[in-house]
Number of protein chains: 2
Amino acid sequence: MSSRLRTAGPFPGPDHDHAACVTRGLDAAEARCAEAGARLTPLRKRVLELLLAEGHRAVGAYDLLDRLADTDDGGKRPAPPAVYRALDFLVDQGLAHRLASVNAFIGCAWPDAAHRPQFLICRDCRAVAELDGGGLARNLDAAAEAAGFTLLDAVVEVGGLCPRCRPDETSDPDAASA
Amino acid sequence: MSSRLRTAGPFPGPDHDHAACVTRGLDAAEARCAEAGARLTPLRKRVLELLLAEGHRAVGAYDLLDRLADTDDGGKRPAPPAVYRALDFLVDQGLAHRLASVNAFIGCAWPDAAHRPQFLICRDCRAVAELDGGGLARNLDAAAEAAGFTLLDAVVEVGGLCPRCRPDETSDPDAASA
DNA sequence: ACGGTGATTGATACAATATAACATTGCGAT
DNA sequence: ATCGCAATGTTATATTGTATCAATCACCGT
């Protein structure tokens, strides 16, 4: 029996106060947009909220469209461009990230600071851990510089199995050896 | 005074002996498949040849389909699954790489050795430099380990401008220090 | 050579992801 | 009010990738 999963790191446990994550992310978004003179419109804010509400999991653009329809009073589902434009805005503002290796998006875990993110993405459950890639980013900067290459974007995404999906979990032996 | 520099790095100059790259890649592929007991069938070999012939540029799957039609005697264009299956095979064998950030593929530059590649991808011309990511890979291993994450695949792709496409007009590329 | 077996390819249809192009709406400044 | 611009709505389509099943080919043991 798993008593307390400290999640020993960047993967939040299922028991963490996720509502606080959502609130914090939305508040940070408001502040950031105000500072940047950008408009966090209702649509953009709702898309961000849906991203954050997903609970640190990657969400596809079309899943977002479905959720928008579900949470809309009239049940009207926007057309794809609406959500893609909102996502572009959020990514530009650093409030969300695009996960190229899985064609999906995720709300930013640290919307306050400029950062060079890298991601651990679970193949099973699509859980995503966002790490700060400081040292690694410097490594990439150096490599680009050495090659005469002007770096614009760095995509660092690691696919694998998160702590809750990896089979060598010691806390649940009954399903093992299956 | 020759402005025809050797590209001082991983981006091959336009004057390099590219036919040798293609031949070398195909030879290495033959050897590697023989060793692995895998079958480098005519279709797979042709796809690899087209990838290599592209000259260190990213190629999309549908571009490959067009080229297959062009180089086919009957001009018959295969259906998408044919080329995707060939690409899957080549990627599995380490003879080609998938570039997730641009939905494209590239022939492996170093098909001989097991490696943990990382890529510099030009946004303008789609030129690709494949680097060996030794130190960076260890960095990712450590991060995954610390998070209790089982690493299966690492995607490291840097988008930007290659030496021939960067607007940098003068010959002073070293002043930058980020 | 013969037939069985699994890998490979062909062929059809479709799913999933993303964008182009243009119309409409809202909103602030003049 | 109305002009200008950003944002959103709308329609259609482009691009990328798979599911499925049929046909064919290579290999292997006999």
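FYI, side chains are in, hydrogens and waters are out, and symmetry mates aren't considered; it's all heavy atoms of this structure. Here the structure is a predicted model, which means the values were calculated and not measured. Order of the sequence lines fixes the chain letters, A, B, ..., with proteins taken first and strands second; residue numbering starts at 1 for each chain.
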Side-chain donor-acceptor distances from residues 87-114 of chain B under 3.5 Å, at least two apart:
{"residue": "H97(B)", "atom": "NE2", "partner": "H115(B)", "partner atom": "NE2", "Å": "3.3"}
{"residue": "H97(B)", "atom": "NE2", "partner": "E130(B)", "partner atom": "OE2", "Å": "3.0"}
{"residue": "S101(B)", "atom": "OG", "partner": "E157(B)", "partner atom": "OE1", "Å": "2.6"}

By side chain to side chain donor-acceptor pair (under 3.5 Å) - contacts of R32(A) (at least two apart): none
Only counting residues at least two apart or in another chain, list the ones meeting side chain to side chain donor-acceptor pair (under 3.5 Å) with D141(B). R116(B)
Any residue of residues 28-59 of chain A with a heavy atom less than 4.0 Å from an atom of DNA chain D: R39(A), T41(A), L43(A), R44(A)
Going by side chain to side chain donor-acceptor pair (under 3.5 Å), name the residues that satisfy it together with E30(B), two or more places apart in sequence or in a different chain. K45(B)
dG17(D) base / R85(B) side chain donor-acceptor hit below 3.5 Å: no
Would you say R126(A)'s side chain and I121(A)'s backbone share a donor-acceptor pair under 3.5 angstrom? no
I need a per-nucleotide contact map over nucleotides 14-20 of chain C, read 5' to 3'. Cutoff is protein heavy atoms under 4.0 Å; write B for the base, S for backbone only, - otherwise. ---BBBB
Measure CG/L64(B) against C1'/dT16(D) and give the value in whole Å, please. 13 Å
Listing, residues 50-61 of chain A side-chain donor-acceptor contacts under 3.5 Å, not counting sequence neighbours, or none:
{"residue": "E54(A)", "atom": "OE1", "partner": "R67(A)", "partner atom": "NE", "Å": "3.1"}
{"residue": "E54(A)", "atom": "OE1", "partner": "R67(A)", "partner atom": "NH2", "Å": "3.3"}
{"residue": "E54(A)", "atom": "OE2", "partner": "R67(A)", "partner atom": "NH2", "Å": "3.2"}
{"residue": "H56(A)", "atom": "NE2", "partner": "H16(A)", "partner atom": "NE2", "Å": "3.3"}
{"residue": "H56(A)", "atom": "NE2", "partner": "H18(A)", "partner atom": "ND1", "Å": "3.3"}
{"residue": "R57(A)", "atom": "NE", "partner": "C125(A)", "partner atom": "O", "Å": "2.9"}

Listed by chain and number, what are the side chain to side chain donor-acceptor pair (under 3.5 Å) partners of R77(B), not counting sequence neighbours? D66(B)
Under 4.5 Å between side-chain heavy atoms, chaining through other members, with only Ile, Leu, Val, Met, Phe, Trp and Tyr counted: pull out the rest of the cluster around L161(A), sorted by chain and number. L152(B)
Interatomic distance where CG belongs to L87(B) and P belongs to dT18(D) [whole Å]: 11 Å
Measure from CG on L65(B) to C1' on dT12(C) and round the result to the nearest Å. 15 Å
